[in-house]
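Values below: all heavy atoms of this structure, side chains included; hydrogens, waters and symmetry mates excluded. Both counts, for ligands and for their atoms, begin at 1 and track the order of listing.
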Amino acid sequence: MIANDTIVLGIESSCDDTSAAILKGNRILSNVVAGQIIHAKFGGVVPELASRCHQENIIPVVQEALKKAGISIKDIDAIAFTQGPGLMGSLIVGGSFAKAFALAINRPLIPVHHMKAHILAHFIEDANELAPSFPFLCLTVSGGHTQLVKVTSPLEMTILGQTIDDAVGEAFDKAAKMLGLPYPGGPLIDKYALDGDPLRFTFSKPRIEGLNFSFSGVKTSILYFLRDQKLINNNFIEENLADLCASIQHTLIEILLDKVNKACKEHQLTQVAIAGGVSANSYLRSRLKTWGEEKECKVYIPKFEYCTDNAAMIAISGKYLFENGAKPNQQINVDPRLSW
Ligand code: KG4
Ligand code: ZN
């Protein structure tokens, strides 16, 4: 029997954030995230360093989540953790902790798919003013994924289109690196773009049929443009940083919005949600809002803390899976390439 006030501990460690959250019913009591700044100087996540940081952070983060929620270990009814996709070493730390903890306190263990969890974050009580109703389209945009998903129920999700090469978050981070910005560059492009002109520079957009995406061509177009401009003026980037950030961001977000528009038309969907790290992007958020008003489509934009990696989304997914009869599995292993 599952009560409305079931308490779930969520654990997330798929990449470079160690996170633990406590969910009661649909309400988040705590959501603690320990980031890892160590990767900034390497220009990307170093898997070996990420695993080591997770090892250091996992116990303090869980303790902090319990403390903030004002509950004790015995109050936990179930434990949910990220099974994949993600980095093997990172997943193992969270997965092994969750397995051992579930065994020690004799509670069910629920494996969760990281990308589906980004989508289900919308059902956390305070994620939106109102949760989307089914069916809806979700644009899931992160460092490793770019997908258009038709969400028919919490457990029924169909991928309508996805990237055939780089993810949009990767394109943001790689473009930022070309501009000399540290990792992760996505949030910095967003920040500098606030003072720039989005139409000052144009970059070539991909022509991909259907609902799939491609970002490798844009990346090359940015690379060659910067190379050519630097031959003329060595300080080109420094002198035009805000306009460059705004124009790059504009190009990337336009690619996403074109496909959102197409997917809604083709699949007769009138509600659109965004999820994943790139959904924290302020330009995407405002452009999507305007688009929704123009097309009379309802748009769902989650709170910032539920966009980038967090354990609250793992806890809410665990709750839905548990309620819908997913079999708890104490023996389950993490899977870096976990299928959809
Ligand atoms: O979902 P997430 O936290 O981790 C993965 O599962 O990948 O997404 C991380 C990605 C990174 O590429 C980061 O640069 C991007 O999300 N990101 C942003 C912003 N905040 C995070 N990209 C653009 N604008 C932002 N404000
Ligand atoms: Zn993520």
Side-chain angles (χ1 to χ4, degrees), residues 10-19 21 31 33-37 39-40 43-45 47 50 54 81-87 90-91 94 112-122 138-147 149 162-163 166-179 181-194 196 198 215 218-219 245-257 273-288 301-314 316-317 336-338:
I11 304 285
E12 154 66 28
S13 71
S14 64
C15 190
D16 60 343
D17 290 306
T18 320
S19 181
N31 182 33
V33 183
Q36 303 179 357
I37 47 168
H39 306 288
V45 176
H54 283 305
F81 74 101
T82 306
Q83 188 191 3
L87 299 171
S90 292
L91 289 166
V112 170
H113 190 288
H114 179 87
M115 292 312 293
K116 291 182 180 175
H118 271 301
I119 298 174
L120 292 176
H122 282 273
C138 191
L139 172 71
T140 54
V141 276
S142 72
H145 293 80
T146 304
Q147 298 168 321
V149 180
Q162 58 192 325
T163 183
D166 292 350
V168 65
E170 215 175 334
F172 263 103
D173 295 337
K174 286 181 179 167
K177 199 171 176 184
M178 292 177 212
L179 298 175
L181 302 173
Y183 178 87
L188 293 171
I189 291 198
D190 189 350
K191 182 178 146 198
Y192 293 120
L194 292 174
F215 290 97
V218 193
K219 193 182 64 190
C245 287
S247 302
I248 290 169
Q249 178 173 266
H250 174 77
T251 309
L252 297 175
I253 300 305
E254 283 275 300
I255 296 171
L256 297 176
L257 290 176
I274 49 173
V278 181
S279 61
N281 182 269
S282 60
Y283 192 67
L284 170 61
R285 294 165 86 92
S286 71
R287 289 287 312 275
L288 190 68
I301 299 173
K303 269 189 175 173
F304 281 111
E305 67 231 62
Y306 303 136
C307 290
T308 46
D309 287 351
N310 67 86
M313 68 186 198
I314 305 301
I316 191 92
S317 305
R337 294 181 177 275
L338 186 64

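Of all the heavy atoms in Pro184 and Asp173, the pair that sits closest is C-OD1, 3.8 Å. Nearest heavy atoms, Pro198 versus Tyr283: CB-OH, 4.0 Å.
From His118, atom NE2 reaches atom CG of Leu139 across 12.0 Å, with rounding to the nearest 0.5 Å. How far SG of Cys15 is from CG of Leu87: 5.0 Å, rounded to the nearest 0.5 Å. Between the OG1 atom of Thr140 and the CD atom of Gln162 there is a distance of 9.0 Å, given to the nearest 0.5 Å. A distance of 7.0 Å separates CD in Gln147 from CD1 in Ile119, rounded to the nearest 0.5 Å.
For ligand 1, the polar-atom distance check finds no N/O of Glu170 at less than 3.5 Å from any of the ligand's N/O atoms. For a threshold of 3.5 Å applied to N or O pairs, the pair formed by His114 and ligand 1 contains at least one separation below that value. Between Ser282 and ligand 1, no N or O atom pair is found at a separation short of 3.5 Å. Annotation: Gly169 places an N or O atom under 3.5 Å from an N or O atom of ligand 1; distance criterion only.
Protein N/O/S atoms found under 2.8 Å from the Zn ion (ligand 2): His114 NE2, His118 NE2, Asp309 OD1.
The ligand atoms of ligand 1 that sit less than 4.0 angstrom from a heavy atom of Asp190 are 24 (N), 25 (C), 26 (N). Close contacts between ligand 1 and Gly144 involve ligand atoms 7 (O) [criterion: under 4.0 Å to a heavy atom]. Using a 4.0 Å cut-off to heavy atoms of Gly277, the atoms of ligand 1 that qualify are 1 (O), 2 (P), 3 (O), 8 (O), 16 (O), 17 (N), 18 (C), 19 (C), 20 (N), 21 (C). Each of the atoms 5 (C), 7 (O), 8 (O), 9 (C), 10 (C), 12 (O) of ligand 1 lies under 4.0 Å from some heavy atom of Gly143. Close contacts between ligand 1 and Ala280 involve ligand atoms 20 (N), 26 (N) [criterion: under 4.0 Å to a heavy atom].
Among Asn310, Asn281, Leu252, the residue whose heavy atom lies closest to atom 25 (C) of ligand 1 is Asn281. When Val45, Ile189, Asp173 are checked for heavy-atom proximity to atom 13 (C) of ligand 1, Asp173 turns out nearest. Of the candidates Gly186, Pro184, Gly276, it is Gly186 that places a heavy atom closest to atom 22 (N) of ligand 1.
Not a single heavy atom of Cys15 sits closer than 4.0 Å to an atom of ligand 1.
At a 4.0 Å heavy-atom cut-off, ligand 1 does not touch His145 at all. At a heavy-atom distance under 4.0 Å, atoms from both the backbone and the side chain of Asp309 approach ligand 1. Proximity of Gln249 to ligand 1, defined as any heavy-atom pair under 4.0 Å, is not found for any part of the residue.
Pro182 places a side-chain heavy atom less than 4.5 Å from the side chain of Leu188. Side-chain contact between Phe172 and Asn281 is present, with at least one heavy-atom pair separated by less than 4.5 Å.
Under the 3.5 Å distance criterion, the side-chain polar atoms of Asn310 are matched with a main-chain donor or acceptor of Thr308. Formation of a donor-acceptor pair under 3.5 Å by the Thr146 side chain with backbone atoms of Val168 is found in this model. In this structure, the side chain of Asp16 does not engage the main chain of Val45 through any donor-acceptor pair within 3.5 Å. Put simply, the side chain of Arg285 gets close to the backbone of Ser279: a donor and an acceptor are under 3.5 Å apart. Side chain of Asp17 to backbone of Val33: no donor-acceptor contact under 3.5 angstrom is found.
Nearest to atom 15 (C) of ligand 1 among the protein's heavy atoms is Val278 CG2, 3.9 Å.
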Subject >> Step-by-step side chain to side chain donor-acceptor pair (under 3.5 Å) determination, His54 to Ser13 >> reply: CA-CA 7 Å; His54 283 305; Ser13 71; 4.9 Å; no
